[in-house]
**Q** 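My questions all concern the structure below.
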Amino acid sequence: MSDDTMRWAPAVPAAPGAPAADRPTGALRRWASGWWAVVHLVLHPIALALHLTALVLLVTGIVLVPVLGTGFLLLVPARLLVAAGAHLERYRLAALLDVRVPAPGPCPVQGPWWRRVVLDPRPWRRAGHLALVSTFGVLGAGVVLALAGTGLAALAAPAVSAALGHAGEYALPFGIPGTLHAPAVLVAAAGVLLLALTPPVARAFTAVEVLTARALLGPGRGEREAVLRRRVETLTETRSRTVDSVEAERRRIERDLHDGPQQRLVSLAMQLGMAKRALDRGGPDAARQFLDAASSSATAAISDMRHVARGIHPPVLTDRGLDAAVSALAAASPVPVDVEVHFPPAQRPSPTAEAIAYFCVSEALTNTAKHARASRVVVQVWREDALGRDVLRLRVSDDGAGGAALADGTVADGGSGLRGLADRLAAVDGWLRLDSPPGGPTVLEAGVPWTVGGGR
């Protein structure tokens with residue numbers, strides 16, 4: 001399942017149809033988001049107690065290991081506190097800076113427990129990050145607090161100085177002896193400048209934190225290489241299956257054209273030929289029945305062509321979007337369907353994402369009507385932020401008999417339609433899951449990148 005961590009955004013992007021004058025500039029948005037970096041740094045002293053306790057236990061345990069192994073008694077709670085501190089830092093980065101650092105994989109060290117405790121690189125990397133946060137992060141917190149505090153004091157200084165009867169005289173900050181003589185406007189301008197500099201300075205400090213967090217809290221180099229190798233293998237397999245699926249779809253379209261519109265057109269040509277001969281022999285009355293039959297054949301051929309074209313790409317999807325296309329599928333389904341689309345029509349995904357989502361819903365509704373013996377189906381479509389990228393999510397659930405998937409949620413090999421959709425989704429870095437225990441309910445979920453294949 002995707003990561004459902006809440007995204008705390010400092011500003012909401014303007015709607016696509018908003019006037020240009022109402023859209024904040026990119027620089028202003030970036031400056032405003034810098035205040036979340038300030039909040040992130042200011043919270044460092046609060047987490048400092050946990051981090052320092054973990055580091056002290058870790059260092060003490062290492063020192064006491066030669067003393068009859070007593071240090072191992074401290075290394076166990078130290079590892080737990082270091083892991084808790086790393087989890088806290090990942091959460092703060094995701095919640096305040098919208099930076100998601102994936103957790104590393106399982107312990108790469110094999111052998112007895114003491115070997116894993118000592119040689120597992122993950123706790124040492126986490127401890128290094130906590131040590132950096134406890135020094136560099138706290139330093140950054142002090143710097144941004146000094147900038148923001150001095151800026152606020154400078155803004156309030158003219159009013160305070162005038163109230164005390166010392167207009168134009170200001171005490172120096174941080175306990176520095178002496179006074180400053182300057183115009184009130186200049187002091188207030190200096191305060192504004194210091195406040196304006198606070199977010200960029202905070203972003204500079206947090207940029208270093210983000211780099212070190214990804215290097216020390218995330219997967220190691222070996223894990224990243226293994227993930228890339230698995231990704232290449234998966235893409236190779238899905239590409240091969242996608243090519244086979246496209247070829248099978250081409251043959252299906254050819255068969256549908258041969259069995260449907262082509263036969264209708266052949267019949268139409270024959271009926272027109274007979275009408276022509278009847279017209280030559282007996283006049284209009286003799287040709288009328290053949291012309292009526294030809295008209296019926298032409299209407300049927302048009303209907304067959306529309307059916308074939310709808311299986312390739314429905315026009316309503318291009319013209320009116322996913323909401324209308326899924327609603328059309330629901331109206332044509334023999335099972336009652338409730339449709340819930342939770343994104344505005346103006347925020348349409350890319351055409352490729354729309355098409356894949358449409359055919360996922362179409363295949364799910366077809367399977368439900370054929371096999372599920374369901375009385376109600378619910379189709380939900382929404383936009384989701386998953387690990388820093390926009391994803392088009394859909395869920396099709398019914399109250400039928402179930403039994404349509406394997407126990408692990410992967411698509412059964414027997415379902416060629418869903419298997420083809422799963423391969424098509426995997427080829428664009430999407431996914432498809434099917435949960436259908438015996439007795440129901442059946443839930444099909446899918447995710448496809450919002451802008452796969454390019455935007456509109």
**Q** Heavy-atom count around His342 NE2 within 6.0 Å, excluding the residue itself: above 12?
**A** yes
**Q** Checking Ser33 side chain against Arg30 main chain: does a donor-acceptor pair fall under 3.5 Å?
**A** yes
**Q** State which residue, out of Val396, Asp399, Asn367, Leu434, fulfils the side-chain contact (heavy atoms from CB on, under 4.5 Å) condition with Thr442.
**A**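 Output: one option passes, namely Leu434.
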**Q** Going from CH2 on Trp382 to CG on Leu394, what distance comes out if it is rounded to the nearest 0.5 angstrom?
**A** 7.5 Å
**Q** By the definition side-chain contact (heavy atoms from CB on, under 4.5 Å), identify the one residue from Asp338, Thr368, Asp398 that meets it with Arg376.
**A**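 That would be Asp338.
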**Q** Measure the spacing between CG of Leu217 and CG of Leu93 and express it to the nearest 0.5 Å.
**A**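 Here the rounded value is 7.5 Å.
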**Q** Is Arg433 positioned over the aromatic face of Trp431, cation under 6.0 angstrom from the ring centre and no more than 45 degrees off axis?
**A** yes
**Q** For His44 and Glu209, does a side-chain donor sit closer than 3.5 Å to a side-chain acceptor?
**A** yes
**Q** In this structure, which one of Arg393, Glu445, Arg395 forms a side chain to side chain donor-acceptor pair (under 3.5 Å) with Gln380?
**A**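 Per the side chain to side chain donor-acceptor pair (under 3.5 Å) rule, the option paired with Gln380 is Arg395, out of Arg393, Glu445, Arg395.
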**Q** Check whether Trp31 reaches the backbone of Ala196 with its side chain - one donor and one acceptor, N or O, closer than 3.5 Å.
**A** yes
**Q** Using a 3.5 Å distance criterion without hydrogens, assess whether the side chain of Ser327 forms a donor-acceptor pair with backbone atoms of Asp323.
**A**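 Present.
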**Q** Is the side chain of Arg126 donor-acceptor paired with the backbone N or O of Leu216 at a distance under 3.5 Å, no angle test?
**A** no
